[in-house]
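This report concerns only the one structure given below.
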Amino acid sequence: MDFNYYDLGDLQGGEIAEVTLVGNAANVKLLDGENYSLYKAAKPHEYYGGLATQSITKLQIPRGGHWFITVDMQGLLGSTKSTVKVTTATE
């Protein structure tokens, strides 16, 4: 499976991951470390997010911990470029 990933590191609950897409819609997933490992192994996993049809997609970090964002085109046509930045809820 071909995908882009962003290691967001340790974040606090309530912070916001902003994903900017340029191109087509894409699958955008926010995963903790355990579920990121399952995702890479193409096994069932839990995530926040899903199909992002517009840019910017904002995903709130649900709890403190180590987090990852993945962007893939699985099941979709076209291509996209992505960037991610983390902000606080008040920015």
Side-chain angles (χ1 to χ4, degrees):
M1 173 174 46
D2 192 24
F3 64 94
N4 291 329
Y5 78 95
Y6 301 87
D7 184 341
L8 304 180
D10 291 327
L11 299 174
Q12 300 296 316
E15 291 184 89
I16 307 291
E18 294 184 359
V19 182
T20 302
L21 300 176
V22 177
N24 296 89
N27 301 305
V28 175
K29 297 180 179 183
L30 172 67
L31 306 115
D32 61 19
E34 178 182 347
N35 284 291
Y36 178 64
S37 294
L38 292 169
Y39 172 85
K40 290 190 304 182
K43 294 185 177 179
H45 55 280
E46 295 181 4
Y47 60 91
Y48 299 90
L51 178 62
T53 57
Q54 62 185 16
S55 188
I56 296 172
T57 298
K58 295 182 179 185
L59 299 169
Q60 186 171 29
I61 307 304
R63 64 185 180 284
H66 198 108
W67 291 92
F68 298 84
I69 292 278
T70 62
V71 178
D72 70 59
M73 300 298 291
Q74 186 174 2
L76 302 171
L77 298 175
S79 63
T80 193
K81 293 183 180 187
S82 58
T83 59
V84 176
K85 75 175 185 173
V86 176
T87 64
T88 62
T90 59
E91 286 184 39

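Of all heavy-atom pairs between Asn24 and Met73, the closest is CB-CE, 4.1 Å. The shortest non-hydrogen separation linking Val86 to Glu15 is CG1-OE1, 3.8 Å. Nearest heavy atom pair, residue Asp7 against residue His66, reads OD1-NE2, 2.7 Å. Contact record, Arg63 with Trp67: O-NE1, 3.0 Å, taken as the closest heavy-atom pair. Scanning all heavy atoms of the two residues, the minimum distance from Leu76 to Ala26 falls at CD1-CA, 3.6 Å. For the pair Ser55 and Val19, the tightest heavy-atom approach, listed with the atom from each and the gap, is OG-O, 4.2 Å.
Judged by distance alone, with hydrogens and angles left aside, the side-chain atoms of Thr80 form a donor-acceptor pair with the main-chain N or O of Val22 at under 3.5 Å. With Asn4 contributing its side chain and Val71 its backbone, the two residues share no donor-acceptor pair below 3.5 Å.
Counted within 6.0 Å of OH on Tyr5, heavy atoms from surrounding residues, nucleotides or ligands total 12 or fewer; the atom is thus considered open.
Here the straight-line distance linking atom CG of Asn27 with atom CG of Asp72 works out to 4.5 Å at 0.5 Å rounding. Atom OG of residue Ser79 and atom CG of residue Leu21 lie 11.0 Å apart, to the nearest 0.5 angstrom. Atoms NZ and OG1, from Lys58 and Thr20 in turn, are 10.0 Å apart once rounded to the nearest 0.5 Å. If you take CD1 on Ile61 and CG on Asp32, they are separated by 10.5 Å, rounding to the nearest 0.5 Å. How far NZ of Lys85 is from CD1 of Ile56: 7.0 Å, rounded to the nearest 0.5 Å.
Taking the six-membered ring where tryptophan is involved, the planes of Phe3 and Tyr39 are perpendicular, since the angle between them exceeds 60° and thus also 30°.
Hydrophobic clustering of Ile, Leu, Val, Met, Phe, Trp and Tyr side chains at less than 4.5 Å, counting indirect connections, keeps Leu38 apart from Ile69.
Listed by chain and number, the residues in a ring-ring contact (aromatic ring centres under 6.0 Å, His included) with Tyr47 are His45 (sequence neighbours excluded).
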